2 protein chains.
Amino acid sequence: MTTASAGNLPGLKATRPWLSANLDAADRNALARACGDIRTVSAGTDLLRQDAPTNALHILLDGWAARYKIMEDGSRFIPALAVPGDICDLDALRFGQLDYGVTMLSAGTVAVLPRQRADALFATNPAIADAFWSLALAENSILTEWAASMGRRSASQRVAHLLCELLVRLVIVGKAGGHSYDLPLTQEQIADALGLTSVHVNRTLHSLRSMNLVTVQHRRATIHDWAALSALCGFRLSYLHLETVDDEFAPELPPSGARSRHRVTQASGPTLRPSSTSALSAL
Amino acid sequence: MTTASAGNLPGLKATRPWLSANLDAADRNALARACGDIRTVSAGTDLLRQDAPTNALHILLDGWAARYKIMEDGSRFIPALAVPGDICDLDALRFGQLDYGVTMLSAGTVAVLPRQRADALFATNPAIADAFWSLALAENSILTEWAASMGRRSASQRVAHLLCELLVRLVIVGKAGGHSYDLPLTQEQIADALGLTSVHVNRTLHSLRSMNLVTVQHRRATIHDWAALSALCGFRLSYLHLETVDDEFAPELPPSGARSRHRVTQASGPTLRPSSTSALSAL
DNA sequence: CGCCAGATTGACACGGCTCAAGCGGTGTGG
DNA sequence: CCACACCGCTTGAGCCGTGTCAATCTGGCG
């Protein structure tokens, strides 16, 4: 569709994930001390089984994890992906049984934080409670965006949007090099995250490639034209609620009174100033 | 599809929404006092505009509200519906600008809770902070289920699932009479909440009607066969995290190693013991 | 009685799914 | 070091669930 300069990425100042973004050294230490063990796990390991009882949170320190849901007809759906710094199963903070499972998509390391210790931390370190609140609400916002994708975007837009989101999230935690990053998902897993079929994801990926927008192969994604790719899917940074994004990227106000499923305008191709810093490695 | 007895509804003991479910009189009073004004609003009123700055939460006391998102192509998407007892814009607890708007679907009343007062309350009344946490995580779970619907369920299953969810949520706050309830959404709004088209929602509704599962007309939904309707869409109570549901309705463990998009079994038709109690009317 | 938003209906197009075959890389056992 | 197996990627053909477009109908309401 849109052509465009091989634009740079959105100008992010943030260098840490939501959870630790606003914590000082003391609080980060307290959080680290509260964690039980640190587990090194291999790809395919289930951190949590769907509908099984649980009483601890899993904070992903390295690698990728996915929440998954086996639907009533046996199909699988992936409602969320976790990258370093994310919490795999935040709901365990209040609920003893979750209706999704968590599995590792790559090898990695995970910190286990017992629910009771988390509550204790909240009581003594308000800043930590704050950090968890921000994380929970940001997650909420991402879920909303994913739902919107499945409900109102085409296959190629969904794929493009996911790739854009992941680039930004990975840049923030220092896991993206330039415009590319390791993407350990199979096409089938991408399909499960987007409500598509692996066959169609394959075709869509080829289509995006042929437009010189992005290449995904050998478990690595390389974005060739950020401006065009983000314009194609209407990607806007605002929903990620990164507190330290440059003003120039403040979201534009969309047309106010729109009807269901219709035309429109717009295009945004912010420029990015990559930054880095290991995730919760300090933990 | 499935025939079945005009089953009763799931056996719920809960009589209050998440927010006030575990608050004692003192805390409820504190919450009420913290709220600024109570606004009486008419249908169509916008409580919050998409991408506009905000610094207060809107607690819905009566009526229906919807979060909406205008997509880049001008189409509309509704990521959440609020019924009495729900918070329309929980994200405002931490973020000063939300990428969704909130509009009233019916006339109603809303309590406005300034963000700062909410934070103050959390510091002094741990039980209230707890209540908000539960609400946030439950909302998260509902969003996940909606995303799963859009990603992996057919049109009729989506419609059925939404109608099931709403019945349960309304029973809990005493707004459902027997197996029916007022549903102030137009078919177009239902379509926007399900990622469908109003034309297709219309056809789907007629189809469900012809199967004697449910009737939706004149802004009222009447479920004729709960057992069959919930079986059709694989509705399970667990994702709503109602703490006081009878054990007999504990979710069944789904088959463990499923592939993307395939066969399966299952059917659940719990029996419901309606209960009532006005939402946050005490506020 | 006239208007209008919302509900209906029909005809038709198309995006994405299904089914099925074939290919390629990689790990493993002989 | 080769042969096989297996998993994930590709590709083709055809189908079908939903969307699109366009009337027409209906119930409320002024």
Side-chain angles (χ1 to χ4, degrees), chain A residues 1 42-44 71 73-77 105-107 149-160 183-210 215-221 232-233 257-263, chain B residues 1 42-44 71 73-77 103 105-107 149-160 182-210 215-221 232-233 257-263:
Chain A
M1 298 285 127
S42 58
M71 308 293 289
D73 68 348
S75 61
R76 180 196 288 119
F77 178 64
L105 297 176
S106 72
S149 262
M150 328 219 48
R152 290 289 182 235
R153 292 196 177 107
S154 68
S156 52
Q157 288 179 313
R158 287 185 222 180
V159 172
L183 181 69
L185 308 210
T186 64
Q187 294 182 350
E188 183 172 48
Q189 290 165 335
I190 293 175
D192 288 340
L194 297 174
L196 296 171
T197 277
S198 65
V199 171
H200 201 63
V201 164
N202 181 288
R203 291 179 168 129
T204 303
L205 247 17
H206 280 264
S207 161
L208 292 176
R209 175 68 221 293
S210 74
T215 298
V216 175
Q217 54 183 195
H218 307 308
R219 304 297 145 83
R220 176 158 261 263
L232 170 68
C233 61
R259 280 275 143 219
S260 298
R261 224 161 176 78
H262 286 320
R263 98 256 53 228
Chain B
M1 297 288 127
S42 58
M71 308 293 289
D73 67 347
S75 61
R76 180 195 288 118
F77 178 64
T103 190
L105 298 176
S106 73
S149 263
M150 328 220 45
R152 290 290 183 233
R153 292 195 176 106
S154 68
S156 52
Q157 287 178 313
R158 288 185 222 181
V159 172
D182 288 325
L183 181 69
L185 308 211
T186 64
Q187 294 182 349
E188 184 173 49
Q189 290 165 335
I190 293 174
D192 288 339
L194 298 175
L196 296 171
T197 278
S198 64
V199 172
H200 201 63
V201 164
N202 181 288
R203 292 180 167 127
T204 302
L205 246 17
H206 280 265
S207 161
L208 292 176
R209 175 68 221 293
S210 74
T215 298
V216 175
Q217 57 185 188
H218 306 309
R219 302 298 144 84
R220 176 157 260 265
L232 170 68
C233 60
R259 279 274 144 222
S260 298
R261 223 160 177 83
H262 287 318
R263 98 259 55 225

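From a predicted model like this one, the values you see are computed outputs, not experimental measurements. So that the names make sense, note that chain A is the first sequence line, chain B the second, and so on, each numbered from 1.
Minimum heavy-atom separation, S210(A) to S207(A): OG-O, 2.7 Å.
When heavy atoms are screened at a 4.0 angstrom cut-off, S198(A) is found touching no nucleic acid atom at all. At the heavy-atom level, R158(B) lies nowhere under 4.0 Å from the strands shown.
Between the P atom of dG19(D) and the CG atom of L194(B) lies a distance of 10 Å, rounded to the nearest Å. If you measure from atom CZ of R219(A) to atom P of dC7(D), you get 13 Å, rounded to the nearest angstrom. Distance H200(A) NE2 to dA20(C) P: 20 Å, rounded to the nearest Å. Rounded to an integer number of Å, the gap from CZ of R152(A) to C1' of dG15(C) is 15 Å. Rounding to whole angstrom units, CG of residue L196(B) and C1' of dG16(C) are separated by 15 Å. If you measure from atom CG of L208(A) to atom C1' of dT10(D), you get 16 Å, rounded to the nearest angstrom. Summarising the geometry, the separation between CG on L205(A) and P on dG16(C) is reported as 14 Å, rounded to the nearest angstrom. In this structure, the CD atom of E188(B) is 12 Å from the P atom of dT20(D), given to the nearest Å.
Here dT18(C) is the nucleotide among dT18(C), dG8(D), dT18(D) with the atom lying nearest to any side-chain atom of V199(A). Picking from dA13(D), dT9(C), dC9(D) the nucleotide with the shortest atom distance to the side chain of R203(A) gives dA13(D).
Under a 3.5 Å cut-off, the side chain of T204(A) and the backbone N or O of H200(A) do form a donor-acceptor pair. Of the possible donor and acceptor atoms, one in the side chain of R153(A) sits under 3.5 Å from a partner among the backbone N and O of C233(A).
Note on N202(B): a side-chain N or O is less than 4.0 Å away from OP1 or OP2 of dT8(C). Taking only side-chain nitrogens and oxygens, Q187(A) never comes nearer than 4.0 Å to OP1 or OP2 of dC7(D). At dT8(C), one or more side-chain N or O atoms of H206(B) fall inside 4.0 Å of OP1 or OP2 (strictly under the cut-off).
Within the 4.5 Å cutoff, no side-chain heavy atoms of L194(B) are placed close to those of S149(B).
The side-chain contact (heavy atoms from CB on, under 4.5 Å) test with Q187(A) is passed by exactly one of N202(A), T197(A), V216(A), V199(A): N202(A).
Closest-nucleotide positions on DNA chain C for H218(A) and T204(A) were compared, and the one nearer the 5' end corresponds to T204(A).
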